[in-house]
Amino acid sequence: MTLSDEELDALATDFIRTAVAEDTKSGRFDRRVRTRFPPEPNGYLHIGHAKALNIDAGIARDFGGKFNLRFDDTNPVKEEEEYVDGIVNDVRWLGWDFGNEIFFASDYFEQMVVWAEQLIEQGDAYVDDLSPQEIREYRGTLVEPGENSPYRDRSVGENLDLFRRMRAGEFPEEACVLRAKIDMASPNLNMRDPVMYRILHQSHHRQGDQWCIYPMYDWAHGLEDSIERVTHSLCDLGYRDHRPLYDWFLDRLGIYHPQQIEFARLFMTYTVLSKRKLLQLVEGEHVQGWDDPRMPTLTGMRRRGYPPEAINAFCDRIGVSTANSVVDVALLEHAVREQLNEHAQRVMGVLDPVKVVIDSYPEDQVEWMEVDNHPQRPGLGKRTVPFSREIYIEREDFMEDPPRKYYRLAPGKEVRLMNAYLVQYKTIVKDEEGNIVEIHCTHDPNSRGGEAPDGRRVRGTLHWVSAAHALDAEVRLYDRLFIKENPEEAAEGETFLNNLNSNSLEVQQGCKLEPSVAEAQPGDCLQFMRVGYFAVDPDSTAEQLLFNRTIQLRDTWAKIQSQAQTPRKKG
RNA sequence: UGGGGCGUGGCCAAGUGGUAAGGCAACGGACUUUGAAUCCGUGUAUCGCACGUUCGAAUCGUGCCGCCCCAGCCA
């Protein structure tokens, strides 16, 4: 697929795409586009990675190019197979096409050594015997230049011999390293003779014990990109200062040279996105694992019920720039609601049930009401829902002494039971503690389906579930994990862990769901009308239904009420 | 005090010399068998600040201020 210059111009929607379009038009890379996503398999992917993926893979897709999924597995001490599988799974879930070929940096180790020897022969690299501590001291500081290592001027022959012996396993860890010979006085610390290889007597998750020297990121990354003929190597702003080094290695080697371009990482309100902190949440058991629905990990969001389309739509909307910014989590939630509103089937479920007895309704009668699966999308079909004399409604849908503008059930009021009947309040029954046990109503038999026979206006419409047919379920209600917009903002001596929301998980037992819900499969996300979206948990069974609240519906009534309690200040 | 990057309404973000897109949020209203969705409407944005160049600057120049990143044998 070859794009015309006009088509390329149309794709130049942000600074990276503009650069890619220009390079393609100029023929710099033979009008070819190839990107890559290079995670290190040392943790699970999170929403920030979804942004990177959206840029990397999205550009390849839009420019008719190719996209490589490549594991940057150059550090055996931190990496595990478990993470490889998890990451592949997440990338697939988001829907990105990586051609079903998975690349591994470790597959290039042999070629990297050949190139390292080339650099040694050119006098561009040397084996340094300084200890880690000494290397740090020789490096200088931000404002002082570094000093040359006393081993910097070894002969090519000696360097080659030493490097080969490093590889052969003759030295213990930390005995020596291979370094690039650049400039110890460079104002860019990355250029002060960076380490290329360190000795690690560790077995690698894919290479086993074949290696005892492992390449450092700066040395390895450009080579990986070069081998894969990547055209544009996109990474986060943190690597901006590394680009001169990326270019230096490729130039010295005289090999195919991709273009590195950096963009800002994603930050979001009420969430933390650093691997270290996410790991702390898991290991400190502040959440129940990487896939806890409160986690910003892709596996967590999947369990929560967030559709992958929503995550990608979110990434499309936040844009790409080089400014550090904090995106409002409400934007993500908006994308989730938008997707779910369009696609989620509607059902009725009562989270906090209170029984309603319709005195006027025949005792043993059951009517199966025909109901739309999605009122705005008739194409999604219909189902039947049983109605009977005793039903459950939401406890908060009845008030003995309601405030103004409350148009749910209350003394003297008539409401509509969605798709069933109009009912009128009669009386209530309380237990000794004063809790409402039953609400008694009468129905208008001429209102079957919920239509008022005389056209009278009935404002309130409630969801309900027939008591005799109700399915019991446990529903987990999730709220944001942190109470502060910026979780890092902690008092003296405190950390982000002090900003954890102690009410981020509320388990609700004894919820009552309409029987059709039994057919839902793990992962399915349904709208419980008037309440929110709920996803079937992977642990859910026919005996114990388990739902995770994905997200609430917008709740204008709740907003009105909270405003009534705390009036907004007027200036 | 070194180097790199960034500063456009509450939050993102277009715009690259011709007189400030769009989305989210917020706030009104219409409609409504989801107080949802949908629809309509609402913002005097000192374009970080100050000088300067120009007929004209968010866009160019100079100076200043603020924020972020870099001193791993991590990526």
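The chains referred to below are lettered A, B, ... by the order of the sequence lines, with proteins before strands, and numbering in each begins at 1. Any value given below was found using the heavy atoms of this structure, including those in side chains, with hydrogens, waters and symmetry copies removed.
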Practice problem: Please list, chain by chain and in numerical order, all residues satisfying side-chain contact (heavy atoms from CB on, under 4.5 Å) with Glu338(A), sequence neighbours excluded. | Solution: Arg317(A), His334(A)

Exercise. Applying salt bridge (Lys or Arg N to Asp or Glu O under 4.0 Å), name anything that partners Glu137(A), two or more places apart in sequence or on another chain.
Key: none

Exercise. Both distances under 3.5 Å, Watson-Crick or G-U wobble: on that basis, could you give the dot-bracket string for RNA chain B, with [ ] for crossing pairs and | for other-strand partners?
Key: .(((((((.[[[..)..(...]]].(((((.......))))).....[[[[[..)....]]]]])))))).....

Quiz item: Side-chain donor or acceptor of Gln376(A) under 3.5 Å from a matching atom on the base of rA36(B)?
Solution: yes

Exercise. Going 5' to 3' through nucleotides 65-70 of chain B, assign each nucleotide B (protein heavy atom under 4.0 Å from a base atom), S (under 4.0 Å only from sugar-phosphate atoms) or - (no protein heavy atom that close).
Key: ---SBB

Quiz item: If only side-chain N and O atoms of Arg139(A) are considered, is one of them under 4.0 Å from the OP1 or OP2 phosphate oxygen of rG72(B)?
Solution: yes

Quiz item: Counting only non-hydrogen atoms, which of residues 10-21 of chain A are less than 4.0 Å from RNA chain B?
Solution: none

Exercise. Indicate the ring-plane relationship of Phe37(A) and His49(A), choosing parallel, tilted or perpendicular according to the 30° and 60° boundaries.
Key: perpendicular

Quiz item: Who passes salt bridge (Lys or Arg N to Asp or Glu O under 4.0 Å) against Glu147(A), sequence neighbours left out?
Solution: none

Quiz item: Base, sugar-phosphate alone, or nothing: which one does Tyr406(A) contact when heavy atoms must sit under 4.0 Å apart?
Solution: base

Quiz item: Checking Asn373(A) side chain against Leu380(A) main chain: does a donor-acceptor pair fall under 3.5 Å?
Solution: yes

Quiz item: Do Arg530(A) and rG35(B) share a donor-acceptor pair, side chain to base, under 3.5 Å?
Solution: no

Quiz item: What nucleic acid atoms does Tyr407(A) come within less than 4.0 Å of, heavy atoms only: base, sugar-phosphate, or nothing?
Solution: base

Quiz item: Taking the side chain of Arg240(A) as its heavy atoms from C-beta onward, which of rA25(B), rG4(B), rC73(B) lies nearest to it?
Solution: rG4(B)

Quiz prompt | Cation-pi geometry met for Arg206(A) and Phe104(A) (6.0 Å, 45°) | solution = yes

